[in-house]
Engineer: 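Sending over a structure as structure tokens; questions will come in a sec.
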Amino acid sequence: MEHEVFVPVPAERLRDVLADPARVARAVPGLQQDAGAEPVAGRLKVRIGSHSITYRGTLRLSGGEDGTYAVRGDATESRGTGTVALALTLRVADADGGSTVVLGGTATADGRVTELPPESVTSATARLLTRFAENLGTAAAEEPRPASVFDTEIPPPSLLATDGERDEDDGHGESDGSGSGAGAGAGEDADAAPPAAPEPSAPEPVRPPAEAAHARRTMIGRSAEEVDHAPPRGRYAPVPAPQPRVAGAPLRWAAPAAALVVASAIVVGRALRRRH
């Protein structure tokens, strides 16, 4: 088979895209790349007429000395035993207003695709190659992203020497007396400098009253129902009712003694009546 596609992009920019496997993989229509696999490897769903076949395989593209590119692909049906082998030659030619992508080669297949009408297979193949070439042109037409200051690598702070550190290193490296004199002058300036003012202390946190703290501790770990029905404590606690006073020891024996006197009087009165 042989297929040509016009792309409104200069041929040189198309060659730059073909030299990058990652950009070639993004140009394959419907390719779902496998993580950690080759740049052009994964699953590809092909629609032929009213049928769809999903293949899993790899595609390799290598450039030749004559400016052509060799395309080799192998794939297997994800739900079957059918295979497809592809051997194409890709060539980019200059044209008015752009370039022409010429694809030619052979393809062998077995499995489900052999049961479909040849016209549908040829149409699906031409449509896939056309979209592939157009995607190459779209990738080539994209302007390269300008370099940003955020993309610049910043060395760690340990590698960045400040001006003071450079001056200090230079001072230690000199062997004449000027360095020592400068150091002495700096020491005198440091001694004459007034002491720094003490930093204001942070205000102490306001503590709640003792009763509030006690109430908060008693409420922790109790359910809402217990808190609602619990009697108030502290300042708002109810005053207990006065307890009845207990009689003293002398009054405790007064009632039995009085009963004994009354009983004795009754007995004596009855005895006197009997004598009379």
Side-chain angles (χ1 to χ4, degrees), residues 1-34 37-142:
M1 62 178 179
E2 187 172 350
H3 190 69
E4 293 185 5
V5 181
F6 174 77
V7 180
V9 176
E12 189 63 28
R13 301 186 67 174
L14 274 180
R15 295 189 182 95
D16 294 340
V17 176
L18 292 172
D20 188 356
R23 301 175 73 181
V24 173
R26 291 194 296 267
V28 177
L31 176 64
Q32 299 179 2
Q33 294 181 256
D34 293 338
E38 299 180 11
V40 191
R43 299 176 57 186
L44 179 63
K45 186 175 183 180
V46 181
R47 187 171 185 83
I48 304 175
S50 59
H51 301 271
S52 297
I53 305 176
T54 302
Y55 292 95
R56 180 184 294 276
T58 59
L59 185 69
R60 294 172 297 277
L61 190 144
S62 59
E65 297 180 356
D66 56 350
T68 60
Y69 298 86
V71 182
R72 300 290 182 271
D74 298 302
T76 305
E77 294 179 6
S78 59
R79 296 184 180 181
T81 58
T83 58
V84 173
L86 186 68
L88 298 178
T89 301
L90 188 149
R91 181 169 52 89
V92 180
D94 294 327
D96 294 339
S99 57
T100 302
V101 180
V102 182
L103 294 158
T106 59
T108 57
D110 56 12
R112 293 179 55 190
V113 69
T114 58
E115 302 174 359
L116 303 177
E119 296 81 6
S120 301
V121 176
T122 303
S123 176
T125 304
R127 183 171 61 253
L128 182 64
L129 295 178
T130 300
R131 293 181 57 191
F132 173 66
E134 292 176 350
N135 291 343
L136 289 176
T138 302
E142 295 178 354

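Sequential numbering from 1 along the given sequence is applied to the chain's residues. Nothing here was measured: the structure is a model prediction, and the numbers come from that model.
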Engineer: Heavy-atom distance under 4.5 Å between the side chains of P29 and F132, does that happen here?
Structural biologist: yes
Engineer: Taking only residues at least two apart or on different chains, which pairs with a member in residues 16-25 satisfy salt bridge (Lys or Arg N to Asp or Glu O under 4.0 Å)?
Structural biologist: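 Passing the test, one end in residues 16-25: no pairs.
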Engineer: Please list every donor-acceptor pair under 3.5 Å in which a side-chain atom of residues 98-113 meets a protein atom from a residue at least two apart or in another chain.
Structural biologist:
unit_1: S99; atom_1: OG; unit_2: V9; atom_2: O; d: 2.8
unit_1: D110; atom_1: OD1; unit_2: T83; atom_2: N; d: 2.7
unit_1: D110; atom_1: OD1; unit_2: T83; atom_2: OG1; d: 3.0

Engineer: List for me each residue that meets salt bridge (Lys or Arg N to Asp or Glu O under 4.0 Å) alongside E4, sequence neighbours excluded, and say none if there are none.
Structural biologist: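 E4 satisfies salt bridge (Lys or Arg N to Asp or Glu O under 4.0 Å) with no residue once adjacent residues are dropped.
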Engineer: At what distance, to the nearest 0.5 angstrom, does OG1 of T89 lie from CD of E2?
Structural biologist: 10.0 Å
Engineer: Compare all side-chain heavy atoms of F6 with those of D96 and state whether any distance is below 4.5 angstrom.
Structural biologist: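 No, every pair of side-chain atoms sits at 4.5 Å or beyond.
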Engineer: Does P117 have any side-chain contact (heavy atoms from CB on, under 4.5 Å) partners at least two apart in sequence or in another chain, and if so, which?
Structural biologist: E119, S120
Engineer: Compare all side-chain heavy atoms of T68 with those of L90 and state whether any distance is below 4.5 angstrom.
Structural biologist: no
Engineer: Among all residues two or more places apart in sequence or in another chain, which pass the salt bridge (Lys or Arg N to Asp or Glu O under 4.0 Å) test with R131?
Structural biologist: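 Partners of R131 under the salt bridge (Lys or Arg N to Asp or Glu O under 4.0 Å) test: none.
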Engineer: What's the verdict on side-chain contact (heavy atoms from CB on, under 4.5 Å) for L61 and V40, showing C-alpha distance, side-chain angles and the deciding distance?
Structural biologist: CA-CA 9 Å; L61 190 144; V40 191; over 6 Å; no
Engineer: Please confirm whether the backbone N or O of L88 pairs with a side-chain atom of R72, one donor and one acceptor, at under 3.5 Å?
Structural biologist: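 Yes; judged by distance alone, with no hydrogens or angles, the pair exists.
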Engineer: Can you check whether E134's main-chain N or O pairs, donor with acceptor, with T138's side chain at less than 3.5 Å?
Structural biologist: yes
Engineer: Given H3 and T130, is the side-chain contact (heavy atoms from CB on, under 4.5 Å) satisfied, shown in steps?
Structural biologist: CA-CA 8 Å; H3 190 69; T130 300; 2.7 Å; yes
Engineer: Does the side chain of V7 reach to within under 4.5 Å of the side chain of L136, using non-hydrogen atoms?
Structural biologist: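 Answer no - side chains too far apart.
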Engineer: Donor-acceptor pairs are to be reported for all side-chain atoms of residues 42-60 against protein atoms at under 3.5 Å, with residues two or more places apart or in another chain.
Structural biologist:
unit_1: R47; atom_1: NH1; unit_2: S52; atom_2: OG; d: 3.1
unit_1: R56; atom_1: NH1; unit_2: D34; atom_2: OD1; d: 3.3
unit_1: R56; atom_1: NH1; unit_2: D34; atom_2: OD2; d: 3.1
unit_1: T58; atom_1: OG1; unit_2: R60; atom_2: NH1; d: 3.2
unit_1: R60; atom_1: NH2; unit_2: D74; atom_2: OD2; d: 3.2

Engineer: Can you measure from CG (D94) to CG (L14) and round to the nearest 0.5 angstrom?
Structural biologist: 10.0 Å
